[in-house]
Undergrad: 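Can you keep this structure in mind? I'll have questions shortly.
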Amino acid sequence: MNLLKHVAIIMDGNGRWGIKKRKSRNHGHKQGLKTVELIIRESIKKRIRFLTLYAFSTENWKRPKKEISFLFKLLENFLVTKINDLSKKGIKLKFIGDTTIFSNKLKHIIFKSEKTTKNNKKLQINLALNYGSRNELMFAFKNVKKKKLKITENNINNNLFTNKIPEPDILIRTGNTYRLSNFLLWQIAYSEIFFVKKLWPEFNRKDFNRIIFKFKNIKRNFGRV
Ligand code: FPP
């Protein structure tokens, strides 16, 4: 059976869920956060070591201003109110993406969340914020060049936002959309990919466990026969 260390998720379908419920897209994001909390609890139960969540992409800035500010308020509020709880559960938080452009307030919240949880060992949550894989790769190549290193897989790995994090074993995308949307393109070279029809707020423990069960029984070849 395959060992499961790292799950990465594209949490798609919040907006559509909100509209389906005759409410707003933002209502969908609020409900999406509840699914995030559920999947965190389940990941701990399943002894998963890394959970990487695509919360805001470099392309999401094209959304209406009102939706963007709602998403960031939701995120800030989540971090401020839940960080101690998360820490008590043994969760370490890490942010991946270009966070340099954020407000001082958000930068401070990010800094504090990482600092408070830095020694925790149970589950590491990598929150992708203003993240884009091409952007990450460009950063990495520039850094490798600046440090006058050779272009090798190792040197590139060591200069990604995800350095020291093992590659995802599983990538899940909800929302009945079959694309990767600039997420971890380098890191998912050998990940098992699961596309799910359900919208993210509808995704539940059973769906998650079904994927884990399937993954554990897949024959992973990594290029061998
Ligand atoms: C994609 O659904 C989802 C997002 C861009 C945001 C994800 C955010 C959350 C789940 C809540 C906040 C999370 C944390 C970790 C605090 P979409 O809006 O693109 O859905 P659509 O395809 O139906 O429009």
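Predicted model, so just to flag it, every value in this text is computed and none were measured. Ligands are counted one by one from 1 in listed order, and the atoms in each one are counted from 1 as well. Hydrogens, waters and symmetry mates play no part in the numbers below; they use all other heavy atoms, side chains included.
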Undergrad: Identify, by atom number and element, the atoms of ligand 1 in contact range of Asn60, meaning under 4.0 Å from any of its heavy atoms.
TA: 5 (C)
Undergrad: For ligand 1, which atoms, with element, lie under 4.0 Å from some heavy atom of His29?
TA: 11 (C), 18 (O)
Undergrad: For ligand 1, note which part of Leu79 has a heavy atom under 4.0 Å away: side chain, backbone, both or neither.
TA: neither
Undergrad: Determine whether the side chain, the backbone, both or neither of Lys82 has a heavy atom under 4.0 Å from any heavy atom of ligand 1.
TA: neither
Undergrad: Between Lys5 and Asp169, does at least one N-O distance fall below 4.0 Å, as a salt bridge requires?
TA: no
Undergrad: My understanding is that only residues two or more places apart in sequence, or in another chain, count here; which of them pass ring pair (Phe, Tyr, Trp, His ring centres under 6.0 Å) with Trp186?
TA: none
Undergrad: Is it the side chain (CB and beyond), the backbone, both or neither of Leu127 that lies under 4.0 Å from ligand 1, heavy atoms counted?
TA: side chain
Undergrad: Are the side chains of Leu137 and Leu160 in touch, meaning some heavy atoms are under 4.5 Å apart?
TA: yes
Undergrad: For Ala55, is the nearest heavy atom under 4.0 Å from an atom of ligand 1?
TA: yes
Undergrad: What pairs of residues pass the side-chain hydrogen bond (donor to acceptor under 3.5 Å, both in side chains) test when at least one of them lies in residues 70-93, not counting sequence neighbours?
TA: Glu37-Lys82, Glu76-Lys105, Ser87-Asn120
Undergrad: Do Phe72 and Phe102 have ring centroids that are under 6.0 Å from one another?
TA: yes
Undergrad: Taking the side chain as every heavy atom from C-beta outward, state whether Ile193 and Leu180 have any atom pair closer than 4.5 Å.
TA: yes
Undergrad: Could a heavy atom of Arg25 be found less than 4.0 Å from some atom of ligand 1?
TA: yes
